[in-house]
Amino acid sequence: MAGTLKRPILIGGISLSFALWLLESLDRSVGEFGEWGVLGLIAVGAGAWWFKQRSPEPLPEIVPETIARSDAERVLEKAKTLLDRLSEESETPCDDLQQRWTQLHDNLDRTDIKLAIVGSKSVGKTALAKVLRQHWLQNNDRVEIDEVPAFFRHDEADNLQDALTADLVVFLIDGDLTDSERQVLQHLRQQRQTVLLAWNKGDRYDRPERDAVLARVRSNVTNLLDEDCVCTVAAAPDAIEVRRHQTDNTVVSRRETPEPEISDLTRILDRQLANRSPIVWGTVYRQARRFKNDVKTRLNAVRRDRALPIITQYQWVAAATAFANPVPALDLLATGAISAQLVLDLGNLYQQRLSLQQAQAAAGTLGGLMVKLGLVELSTQLVSTALKHNPVTFVAGGTVQGLSAAYLTRIAGLSLVEYFEQQDVENPATSVDGERLGSILQSVFNNNQRMTFVKSLVRQGIDRFSAKSPEDVVMG
Ligand SMILES: Nc1nc2c(ncn2[C@@H]2O[C@H](COP(=O)(O)OP(=O)(O)OP(=O)(O)O)[C@@H](O)[C@H]2O)c(=O)[nH]1
Ligand SMILES: [Mg+2]
């Protein structure tokens, strides 16, 4: 890793001999900078405050209207590319992910169907599952029915995920569709989940009321579901009083429980299951997308582990530079030739194809944004406040500047890491989007203003500065 810092542009704002000396020190000491993340800031390179060449916003991934086998295969292929990259970069084996991938791929030809019954509390999910098992399942081999516990509670996210891993969802309601039910339905449909909406407990209404509610439910979901995916059922009708006239003109009344009514639903289910493959491809598609995200998260974690020590190095180089050559706060940024190299190093780590000019422009953008957002003054204030609370009697000239430089470098580095993490791994950017970087910078700064963090940085810096040699500052 020591080799990562041997780059000529590092020399920018620092005297040549000092920079070379720093590089030498770093080469000898890289292993010792473990505890600080990130980065480095600073260059206001030749007036490049904003990138002229802005890359377009990354497009949100569009889910096709109907999922074909090729859609699922495409996502699986992308996931595989990512997985191969993770295997190359990770020191620990990724067998678990490899296995998951193989399983997902095999699933493309699956003919078993998992049907999930979802809905709010007490709508009749258990009753429906029971009656489907009794009266319908025996004619349908290779179908498994699961009840998903009620949504809309604290565990909603998990349950929703269960619903998405099913091939087919029967969404049960027992009255008008509520707003929260509609939102869940919408989410499922956005993921192209096959959903049948069944209105249960129809026995509690008389015919005209029943028709009116069903019409309202249908019109409420017209843009989400086809009309023939909505029906009524009565999974466990209430017992009713039945009066029978006897031949002797007497009337005998008895309570009887009507048979469940599920024929409208089973007709739709039979129709759907006649063509199982597209339903299964939809499931594999959703799972593959989720899998791909999991791989990306792992890859980002591996890269972050490698990025943090790099940022730490640059952080103390910036500190040593500003400490040895104290300048007014705003001029701190002039020491920032370092950050172009930081952009390049981190960009390489994230496999972004940035040229030297693009890295310089990005560094300039970072510096410009820091001035614009007032971060330079803020960091100086934070550091001065932290210093007041530090039990040191003598603060050497250049201490505030050095610590501010370290702090700003850290903020810049963390922002770059976050920026690169969000990049599309398959399509590395060839330029940096200044606007997006700016909003990331702001939020990273906001997240790193805590006094405990600043104080800890200050303590570390003071230990380094008190030795009064730049080498001690860099190497600790
Ligand atoms: N009238 C009538 N009552 C029903 C019907 N289906 C279910 N119920 C009643 O509704 C209540 C809840 O039924 P369950 O099947 O336990 O509902 P659930 O959705 O599984 O409930 P949770 O798992 O607790 O969320 C029970 O008292 C059922 O008898 C129906 O078609 N008509
Ligand atoms: Mg239940």
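Counting starts at 1 for both ligands and their atoms, following the listed order.
- Distance alone, capped at 3.5 Å, places no donor-acceptor pair between the Asp176 side chain and the Val217 backbone.
- Looking at Arg267 and Asp264, a side-chain N of the basic residue comes within less than 4.0 Å of a carboxylate O on the acidic one, giving a salt bridge.
- Between Val233 and ligand 1, a contact under 3.5 Å exists for no N or O pair.
- For the pair Arg100 and Phe291, the cation does not sit on the ring face, since its NZ or CZ is not both under 6.0 Å from the ring centre and inside 45° of the axis.
- Under a 4.0 Å heavy-atom criterion, Gly119 is not in contact with ligand 1.
- Side-chain contact annotation: Asp345 with Tyr314, donor-acceptor N/O pair under 3.5 Å present.
- The backbone N or O of Glu421 lies less than 3.5 Å from a partner atom in the side chain of Lys296, making a donor-acceptor pair.
- For Leu172, no heavy-atom contact with ligand 1 is shorter than 4.0 Å.
- The atoms of ligand 1 that sit less than 4.0 Å from any heavy atom of Ala234 are 31 (O).
- Close contacts between ligand 1 and Asp203 involve ligand atoms 1 (N), 2 (C), 30 (C), 31 (O), 32 (N) [criterion: under 4.0 Å to a heavy atom].
- Considering both main-chain and side-chain atoms, Ala236 comes within under 3.5 Å of ligand 1 through a nitrogen or oxygen pair.
- A salt bridge links Asp84 with Lys80: at least one charged nitrogen is closer than 4.0 Å to a carboxylate oxygen.
- Close to ligand 1: Glu147, with a non-hydrogen atom less than 4.0 angstrom away.
- Between Ala150 and ligand 1, no pair of N/O atoms sits closer than 3.5 Å.
- Residues Ile117 and Asp146 are not in side-chain contact: their nearest non-hydrogen atoms beyond the backbone lie 4.5 Å or more apart.
- A salt bridge is defined here as a Lys NZ or Arg NE, NH1 or NH2 lying under 4.0 Å from an Asp or Glu carboxylate O, and Asp96 with Arg298 meets this definition.
- Less than 6.0 angstrom separates the ring centroid of Trp199 from the ring centroid of Tyr205.
- In this structure, a donor-acceptor pair under 3.5 Å is present between the side chains of Gln351 and Glu89.
- Side-chain contact annotation: Thr178 with Glu181, donor-acceptor N/O pair under 3.5 Å present.
- Near Thr126, with a cut-off below 4.0 Å to any heavy atom, the atoms of ligand 1 are 15 (O), 18 (P), 20 (O).
- Counting only protein atoms, the N, O or S atoms lying less than 2.8 Å from the Mg ion (ligand 2) are Thr126 OG1, Glu147 OE2, ordered by chain and residue number.
- The parts of Asp238 lying near ligand 1 are both backbone and side chain, judged by heavy-atom distances below 4.0 Å.
- The nearest non-hydrogen atom to atom 11 (C) of ligand 1, considering only Lys121, Lys125, Arg204, Lys201, comes from Lys201.
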